[in-house]
Amino acid sequence: MKINELKSNLTSGKKYKRRGRGSGSGLGKTSGRGVKGQKSRSGVSINGFEGGQMPLYRRLPKRGFKNPFKTKIQNINFTTINNLIKKYKLNPNEITEEDLFTKNILKRSKGSLKLLSTGEPENITNIQISYASKKAIDVLEKSGGKIKLTKK
(Lines give C-alpha, C1' and ligand atoms only; values in the text may rest on other atoms or scores of the structure.)
Protein backbone atom coordinates (compact mmCIF):
# COMPACT_ATOMS: atom_id res chain seq x y z
CA MET A 1 0.00 0.00 0.00
CA LYS A 2 1.31 3.42 -0.99
CA ILE A 3 0.44 6.78 0.52
CA ASN A 4 -1.42 7.84 -2.63
CA GLU A 5 -3.63 4.75 -2.37
CA LEU A 6 -4.93 5.65 1.08
CA LYS A 7 -8.55 6.73 1.14
CA SER A 8 -9.94 9.14 3.73
CA ASN A 9 -13.19 8.16 5.41
CA LEU A 10 -13.74 11.72 6.67
CA THR A 11 -14.88 13.26 3.38
CA SER A 12 -18.30 12.58 1.97
CA GLY A 13 -18.65 10.57 -1.22
CA LYS A 14 -20.63 13.35 -2.92
CA LYS A 15 -19.03 14.84 -6.03
CA TYR A 16 -19.12 18.61 -6.32
CA LYS A 17 -20.20 20.34 -9.55
CA ARG A 18 -17.19 21.42 -11.59
CA ARG A 19 -18.34 24.55 -13.35
CA GLY A 20 -16.83 26.17 -16.40
CA ARG A 21 -15.22 23.02 -17.83
CA GLY A 22 -16.67 23.04 -21.34
CA SER A 23 -20.08 22.62 -22.93
CA GLY A 24 -19.96 18.82 -22.64
CA SER A 25 -20.06 19.01 -18.84
CA GLY A 26 -23.50 20.64 -18.81
CA LEU A 27 -22.13 23.52 -16.73
CA GLY A 28 -19.89 25.21 -19.28
CA LYS A 29 -19.89 28.69 -20.80
CA THR A 30 -21.87 30.76 -18.24
CA SER A 31 -21.67 28.02 -15.57
CA GLY A 32 -25.32 28.26 -14.49
CA ARG A 33 -25.20 32.03 -13.92
CA GLY A 34 -27.44 32.99 -16.83
CA VAL A 35 -26.45 35.77 -19.20
CA LYS A 36 -24.86 39.15 -18.29
CA GLY A 37 -26.19 41.26 -15.40
CA GLN A 38 -24.92 41.96 -11.93
CA LYS A 39 -25.51 38.46 -10.59
CA SER A 40 -23.41 36.85 -13.30
CA ARG A 41 -20.32 38.75 -12.16
CA SER A 42 -18.04 37.67 -9.32
CA GLY A 43 -17.99 39.39 -5.93
CA VAL A 44 -21.70 40.28 -5.86
CA SER A 45 -23.46 40.53 -2.50
CA ILE A 46 -26.95 41.93 -2.76
CA ASN A 47 -28.80 40.35 0.16
CA GLY A 48 -31.81 42.43 1.16
CA PHE A 49 -31.75 44.40 -2.11
CA GLU A 50 -35.26 44.75 -3.58
CA GLY A 51 -34.58 46.26 -6.97
CA GLY A 52 -34.43 49.84 -5.76
CA GLN A 53 -37.68 49.57 -3.77
CA MET A 54 -37.32 50.57 -0.10
CA PRO A 55 -36.28 47.28 1.57
CA LEU A 56 -38.50 45.64 4.18
CA TYR A 57 -35.93 46.03 6.94
CA ARG A 58 -35.94 49.81 6.34
CA ARG A 59 -39.73 50.11 5.98
CA LEU A 60 -40.46 48.64 9.40
CA PRO A 61 -40.15 50.94 12.43
CA LYS A 62 -37.47 50.40 15.05
CA ARG A 63 -38.95 48.97 18.21
CA GLY A 64 -37.81 48.08 21.69
CA PHE A 65 -34.62 48.17 23.64
CA LYS A 66 -32.48 45.39 25.10
CA ASN A 67 -30.68 46.50 28.24
CA PRO A 68 -27.26 44.81 28.26
CA PHE A 69 -26.83 45.54 31.99
CA LYS A 70 -30.13 44.00 33.16
CA THR A 71 -29.80 41.80 36.25
CA LYS A 72 -31.50 38.44 35.84
CA ILE A 73 -33.62 37.41 38.81
CA GLN A 74 -35.67 34.23 39.22
CA ASN A 75 -38.42 34.04 41.81
CA ILE A 76 -38.69 31.38 44.47
CA ASN A 77 -41.23 31.17 47.28
CA PHE A 78 -41.87 29.22 50.48
CA THR A 79 -44.08 26.67 48.72
CA THR A 80 -41.31 25.79 46.24
CA ILE A 81 -38.69 25.67 49.01
CA ASN A 82 -40.88 23.27 51.01
CA ASN A 83 -41.27 21.05 47.92
CA LEU A 84 -37.51 21.14 47.22
CA ILE A 85 -36.74 20.12 50.82
CA LYS A 86 -39.02 17.08 50.47
CA LYS A 87 -37.90 16.13 46.96
CA TYR A 88 -34.12 16.59 47.31
CA LYS A 89 -33.90 15.89 51.08
CA LEU A 90 -32.24 19.24 51.79
CA ASN A 91 -31.32 20.37 55.29
CA PRO A 92 -34.16 22.75 56.35
CA ASN A 93 -31.92 24.33 59.01
CA GLU A 94 -29.51 25.75 56.43
CA ILE A 95 -30.64 26.53 52.87
CA THR A 96 -28.26 28.52 50.69
CA GLU A 97 -28.62 29.77 47.15
CA GLU A 98 -25.23 28.25 46.33
CA ASP A 99 -26.43 24.75 47.35
CA LEU A 100 -29.42 25.00 45.01
CA PHE A 101 -27.11 25.91 42.13
CA THR A 102 -24.32 23.40 42.82
CA LYS A 103 -26.76 20.50 43.22
CA ASN A 104 -28.31 21.50 39.84
CA ILE A 105 -31.73 22.03 41.38
CA LEU A 106 -31.93 25.52 39.87
CA LYS A 107 -29.91 27.03 37.01
CA ARG A 108 -27.46 29.82 37.74
CA SER A 109 -27.72 31.09 34.15
CA LYS A 110 -31.35 32.12 34.75
CA GLY A 111 -30.22 34.59 37.39
CA SER A 112 -30.01 35.20 41.13
CA LEU A 113 -32.84 34.10 43.44
CA LYS A 114 -35.45 36.33 45.04
CA LEU A 115 -37.60 34.99 47.87
CA LEU A 116 -41.29 35.92 47.68
CA SER A 117 -43.87 35.32 50.40
CA THR A 118 -46.21 32.84 48.70
CA GLY A 119 -47.03 29.97 51.04
CA GLU A 120 -45.93 29.28 54.62
CA PRO A 121 -42.42 28.21 55.66
CA GLU A 122 -42.45 24.72 57.18
CA ASN A 123 -39.55 24.13 59.62
CA ILE A 124 -37.27 26.48 57.64
CA THR A 125 -34.82 28.22 59.97
CA ASN A 126 -31.93 29.79 58.03
CA ILE A 127 -31.92 30.96 54.42
CA GLN A 128 -29.05 32.61 52.59
CA ILE A 129 -30.30 34.19 49.34
CA SER A 130 -29.57 37.16 47.04
CA TYR A 131 -32.85 39.06 47.34
CA ALA A 132 -36.09 38.85 49.35
CA SER A 133 -39.30 40.85 49.55
CA LYS A 134 -40.09 42.68 52.80
CA LYS A 135 -43.16 40.53 53.35
CA ALA A 136 -41.14 37.31 52.90
CA ILE A 137 -38.59 38.52 55.46
CA ASP A 138 -41.39 39.31 57.94
CA VAL A 139 -43.10 35.93 57.43
CA LEU A 140 -39.84 34.01 57.89
CA GLU A 141 -38.82 35.93 61.03
CA LYS A 142 -42.30 35.48 62.58
CA SER A 143 -42.00 31.72 62.07
CA GLY A 144 -38.67 31.79 63.93
CA GLY A 145 -36.26 31.74 60.98
CA LYS A 146 -33.40 33.99 59.95
CA ILE A 147 -32.56 35.33 56.51
CA LYS A 148 -29.23 36.60 55.22
CA LEU A 149 -29.21 38.64 52.00
CA THR A 150 -26.05 38.35 49.93
CA LYS A 151 -26.85 41.25 47.56
CA LYS A 152 -28.60 44.52 48.24
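Only a predicted model underlies this, so the values are computations on that prediction, with no experimental measurement involved.
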Inset, instruction - Using the side chain to side chain contact (heavy atoms under 4.5 Å, CB included) rule, take M1 and L6 through it: C-alpha gap first, then chi angles, then the decisive distance, then the call. - result: CA-CA 8 Å; M1 179 178 278; L6 290 172; 3.3 Å; yes

Legend entry - Atom pair CZ (F101) and NZ (K110), whose distance is rounded to the nearest 0.5 Å: 11.0 Å

Legend entry - Atom of S25, atom of G22 and distance for their closest heavy-atom approach: OG-O, 2.8 Å

Inset, instruction - Take K87 and I105 through the side chain to side chain contact (heavy atoms under 4.5 Å, CB included) test and state the conclusion after the steps. - result: CA-CA 10 Å; K87 186 175 179 181; I105 298 169; over 6 Å; no

Legend entry - Approximate separation, where rounding is to 0.5 Å, of L106 CG and R108 CZ: 11.0 Å

Legend entry - Pair K146, T125: side-chain N/O donor-acceptor within cut-off below 3.5 Å: no

Legend entry - side-chain contact (heavy atoms from CB on, under 4.5 Å) partner of I129, chosen from I76, I95, T96: I76

Inset, instruction - Specify the closest pair of heavy atoms between S143 and P121, including all atoms of both residues, with the distance to one decimal. - result: OG-CG, 3.5 Å

Inset, instruction - Can you see which heavy atom on I46 is nearest to which on K39, and at what distance? - result: CD1-CE, 3.8 Å

Legend entry - Connected via hydrophobic side-chain network under 4.5 Å: L116 and L100: no

Inset, instruction - Identify whether the distance between the nearest side-chain nitrogen and carboxylate oxygen of R59 and E50 falls below 4.0 Å. - result: yes

Legend entry - Backbone N/O of S130 and side chain of E97: donor-acceptor pair under 3.5 Å: yes

Inset, instruction - Give, for atom CD1 of I137 and atom OG of S117, the distance between the pair rounded to the nearest 0.5 Å. - result: 10.5 Å

Inset, instruction - Ignoring hydrogens and angles, tell me if any N or O in the side chain of R21 forms a donor-acceptor pair with the backbone of G28 under 3.5 Å. - result: no

Legend entry - Other residues, nucleotides, ligands: >12 heavy atoms within 6.0 Å of E120 CD: no

Legend entry - Side-chain (K72) to main-chain (S109) donor-acceptor, under 3.5 angstrom: yes

Inset, instruction - Decide yes or no on side chain to side chain contact (heavy atoms under 4.5 Å, CB included) for I85 and N91, but give the supporting numbers first. - result: CA-CA 7 Å; I85 288 170; N91 179 12; over 6 Å; no

Legend entry - Min side-chain heavy-atom separation T118-F78 under 4.5 Å: no

Legend entry - Donor-acceptor contact below 3.5 Å, side chain E141 vs main chain D138: no

Inset, instruction - Hey, could you give me the CD/CG distance between Q128 and L113, rounded to the nearest 0.5 Å? - result: 11.5 Å

Legend entry - Sidechain-backbone polar pair: E122 side chain, N82 backbone, donor-acceptor under 3.5 Å: no

Inset, instruction - Measure the CD1-CD1 distance between I124 and I147 for me, rounded to the nearest 0.5 Å. - result: 10.0 Å

Inset, instruction - First locate atom CD1 of I127, then atom CG of N93, and finally report the distance between them rounded to the nearest 0.5 Å. - result: 11.5 Å

Legend entry - Derivation of the side-chain hydrogen bond (donor to acceptor under 3.5 Å, both in side chains) call for S112 and K151: CA-CA 9 Å; S112 304; K151 294 180 184 177; 3.1 Å; yes

Legend entry - Flag, side chain of R19 to backbone of S31, donor-acceptor distance under 3.5 Å: yes

